[in-house]
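This report concerns only the one structure given below.
For the numbers below, each heavy atom of this structure counts, side chains included, while hydrogens, waters and symmetry mates do not. Owing to the predicted nature of the structure, the values given are computational and were not obtained by experimental measurement. The sequence lines fix the lettering, A, B, ..., with proteins before strands; numbering per chain opens at 1.
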Amino acid sequence: MIEKTTRECCVEAVRVLYGQEISVETIGFEKTKREIEGDFSVVVFPLAQYARKSPEAIAMELGGYLADKLPVIREFHVIKGFLNLVMTEKFWLDFLEKEASSEDFGRSPRRDASPVVLEYSSPNTNKPLHLGHIRNNLLGHSLSLILEANGYDVRKVNLVNDRGIHICKSLFAYMKWGQGETPKTSGIKGDHLVGKYYVLFEKHYKEEIRELMASGMTEEEAAQGADLIREAQEILRQWETSDPDIIRLWRTMNSWTYEGFTRSYERLGVEFDRIYYESDTYLQGKELVYEGLERGVLKKKADGSIWVDLQDEGLDEKLLLRADGTSVYITQDLGTAEQRYEEYHPSKMIYVVGNEQIYHFDVLKKVMKKLGKPAADTIYHLSYGMVELPEGRMKSREGTVVDADDMMDEMYRTAEETTRELGKVDDFPEEEAGILFHTIGMGALKYFILKVDPKKNMLFDPKESIDFNGNTGPFIQYTHARIKSLLRKAADAGYVMRDTGSTIRDSSSLLPRPSSLVPHNSFLLPPEREILKLLYQYPSVVSQAGAELSPALIANYIYDLAREYNQFYQEIPVLREERKELIGLRLMLSAITGKVIRKGMELLGISVPDRM
RNA sequence: GGUCCAGUAGCUCAGGGGAUAGAGCAACAGCCUUCUAAGCUGUCGGUCGAAGGUUCGAAUCCUUCCUGGAUCACCA
């Protein structure tokens, strides 16, 4: 790699020229900015202290040394403390033909290491998915692909939250007001039907609290004393003692939800290797708690509840098991972590969970540690920011959530409307058009969400909706379709491509002959060089995205590449070029740009159409 | 109150020690007899929350403060 070579050569130069030993980290190496002439830049400011000369003088001497030793450098320019290197055309042609055209460009070889377990989605079964869940699912799915591209053996797991008081609320509401309604009889998608009863419960519960407060109770007393919540708690107890009627209804309602989730997952294009259910793991969690109690690392209070004391860790005391023996959220997470660790012996267990649960995972990790479980060290909480609406956070209780299914419907409709208006599908068969609307709609939604740094909160304004112009999924998809169209025309004109259309098979028939390049050492135009520089960065962007667990890095990179390509496309003729010897290179540049766009978008879980 | 995260153009977001701080949207002005105009070009728009500090160099690192958010549940 040129970066490594250059850095090492700089170290050598400093030794030879100034008799000083420096480490490779001392040298700054970066892609030269767009508006400055050059391909790569060496930052020489830090060298001033070793050479006792002005940065400019050092840059000149260093440039001379590098140009002398590295034949891939054609020339160099010095601006202030920057040494800007211009690579030879041969360097770039070699890069295109050898590295960039490989199918593995941007993928690391498989690491010989234990797997990474990646948990995402993790829905509750009492209500349908909303926009926040969409962010979670898209992030998780994209991360799995990015980690795989970085050579990791990834296991995608989903932990379904199918037990707990919230589920019992839906159950109870259904028992009370359901009248035997089913998804079939009502025509309502299963998860939405269950959600309807959850909302119904909350509504009546709220009313009851209000009434109790009117009769003199404090809010807290009312919230705990209301008949509805007591009934729900009673159902939770019956559930934990396996009351057959409760279990039967619970199974039925959950199956409705799963049926609904499966449809939403399919539309989103996410999948899992393994699905865990809390109803299966919470018992193991309880066991861990009892085990910890025996070993004396946990303690029992007078009422029989079991607690962990984390005050010496800077946290507080935390309840792990209620006095009545029922488990809380963290109880099952202890069991899940242990079970998962036993099953995979992973090097890392990544949990894609919102930043509202930072404290929870801090506690989880520390409790596992206290229990002496090695799983503790593998737990990593990838906390992502909330999706906010203009009026603030989404709140299920206040009905301000943006429903996932509605959102996807809306994106499809907008895609269809826009595409038809532009007359893009006039010659498409109806079925193919439908696929395209889905591709574009989901592309817009996914890109919109993934382009922002996962750890930051993001704003979604339903009124302004999601754009299809500018820094958007459809813009990138469009650029890809444009490239494919160009390549189809090239094929018609007799230029030979590989089956994938991504690279050129017989490069000698397409590329300018090396001998013809030597005298024309500047035939690469600025936009072409810029694209080459960007393409060159792709592998490091993928590895950085893997290291930082950030799909946003890839999204923003692809946008830059697509934008740059559009400029090239608009300004520079390809098939219309009169100097035939240049056509091959431009086609190759286009083909590889198209491939990198496609591969990069794949890492985001977004597909790109060949025509749109 | 403790802890954590964020504050960059009117709005949504990049940039996380290096060159004159970038995109998109919005607004305005251009570009389709020519490879897809979901595109391209240009104009307008900034005390990078504030003040100190470290450094040859700070939007970026450190300290303090201000503002917003999350969390500190026998909810999940």
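Between Asn556(A) and A23(B) there is no side-chain polar atom (N or O) within less than 4.0 angstrom of OP1 or OP2. Between Tyr569(A) and U36(B) there is a side-chain polar atom (N or O) within less than 4.0 angstrom of OP1 or OP2. Side-chain nitrogen and oxygen atoms of Lys455(A) include none within less than 4.0 Å of the OP1 or OP2 phosphate oxygen of C4(B). Taking side-chain N and O atoms only, Lys456(A) has a distance below 4.0 Å to OP1 or OP2 of G7(B). For the pair Arg482(A) and A37(B), the criterion of a side-chain N or O lying under 4.0 Å from OP1 or OP2 is met. For the pair Lys80(A) and U20(B), the criterion of a side-chain N or O lying under 4.0 Å from OP1 or OP2 is met. Contact check, Arg34(A) against A21(B): no side-chain N or O comes under 4.0 Å of OP1 or OP2.
Counting only Watson-Crick or G-U wobble pairs whose defining distances are both under 3.5 Å, the stems of 3 or more consecutive pairs in RNA chain B are B:1-7 with B:66-72, B:10-13 with B:22-25, B:27-31 with B:39-43, B:49-53 with B:61-65.
The residue Leu459(A) sits close only to the backbone: its heavy atoms come under 4.0 Å of sugar-phosphate atoms, none of a base. No contact: Pro55(A) has no heavy atom under 4.0 Å from any strand. Val43(A) comes within 4.0 angstrom of a nucleotide base, judged by non-hydrogen atoms across all strands. Within the nucleic acid shown, Tyr359(A) comes within 4.0 Å of sugar-phosphate atoms alone, with no base atom in reach, counting heavy atoms only. Residue Asn84(A) is in base contact, counting any heavy-atom pair closer than 4.0 Å across all strands shown.
Atom CD1 of Ile558(A) and atom CZ of Arg563(A) lie 14.0 Å apart (nearest 0.5 Å).
Asp39(A) and Thr32(A) share no donor-acceptor pair across their side chains, judged by distance under 3.5 Å alone.
Taking 3.5 Å as the limit, the base of A38(B) and the side chain of Thr472(A) contain no donor-acceptor pair of atoms between them.
Aromatic pair Tyr197(A)/Phe172(A): centroids not less than 6.0 angstrom apart.
Along RNA chain B, the nucleotide nearest to Thr479(A) and the one nearest to Gln567(A) differ in position, and the one closer to the 5' end is contacted by Thr479(A). Judged by closest nucleotide on RNA chain B, Asp610(A) is the one of Asp610(A) and His360(A) placed further toward the 5' end.
Heavy-atom distances under 4.0 Å link RNA chain B to Ile440(A) of residues 439-450 of chain A, given in residue order.
Of the candidates C35(B), C13(B), A19(B), A19(B) carries the atom nearest the Phe82(A) side chain, counting heavy atoms from C-beta on. Proximity note for Asn469(A) (side chain, C-beta onward) versus U36(B), A76(B), C25(B): the nearest is C25(B). Considering only the side chain of Arg393(A), U71(B) comes nearest among U71(B), A76(B), C40(B). Distances were taken from every side-chain heavy atom of Phe475(A) (C-beta onward) to each of G18(B), C74(B), C40(B); the shortest belongs to C40(B). With C35(B), A73(B), A19(B) as the choices, the nucleotide that has an atom nearest any side-chain atom of Ser41(A) turns out to be A19(B).
Here, U20(B) and A27(B) have their P atoms 33 Å apart, quoted to the whole Å. For the P atom pair drawn from G10(B) and G45(B), the interatomic distance equals 11 Å after rounding to whole Å. Nucleotides G22(B) and G53(B) place their C1' atoms 28 Å apart, quoted to the nearest Å. Here the separation of G69(B) from A23(B), taken at their P atoms, is 32 Å to the nearest Å. Look at the P atom in both C11(B) and U54(B): the space between them is 34 Å, to the nearest Å. To the nearest whole angstrom, the two C1' atoms, one in G24(B) and one in C40(B), are 15 Å apart.
Within 6.0 Å of atom CD in Glu578(A), 12 or fewer heavy atoms from other residues, nucleotides or ligands are found, so the atom counts as exposed in its surroundings.
Counting only distance, with no hydrogens or angles, the side chain of Tyr447(A) and the backbone of Ala555(A) share a donor-acceptor pair below 3.5 Å. A donor-acceptor pair under 3.5 Å is formed between the side chain of Arg322(A) and the backbone N or O of Ser327(A).
Remark: ring of Tyr559(A) does not overlap the six-membered base ring of A23(B) in a stacked fashion, as centroids less than 5.5 Å apart with planes less than 30° apart are not both met. Tyr478(A) does not qualify as a stacking partner of the G39(B) base, lacking a centre-to-centre distance under 5.5 Å together with planes within 30°.
Under a cutoff of 6.0 Å and an axis angle of 45°, Lys127(A) and Tyr198(A) form a cation-pi pair.
The residue from Glu416(A), Glu410(A), Glu417(A) that alone fulfils the salt bridge (Lys or Arg N to Asp or Glu O under 4.0 Å) condition with Arg413(A) is Glu410(A). Tested against Tyr282(A) for a ring-ring contact (aromatic ring centres under 6.0 Å, His included), the candidates Tyr329(A), Tyr276(A), Trp239(A) yield a single pass: Trp239(A).
As rounded to whole Å, 14 Å separates atom P of C40(B) from atom CD1 of Ile572(A). Between the P atom of A38(B) and the CD atom of Glu417(A) lies a distance of 16 Å, rounded to the nearest Å.
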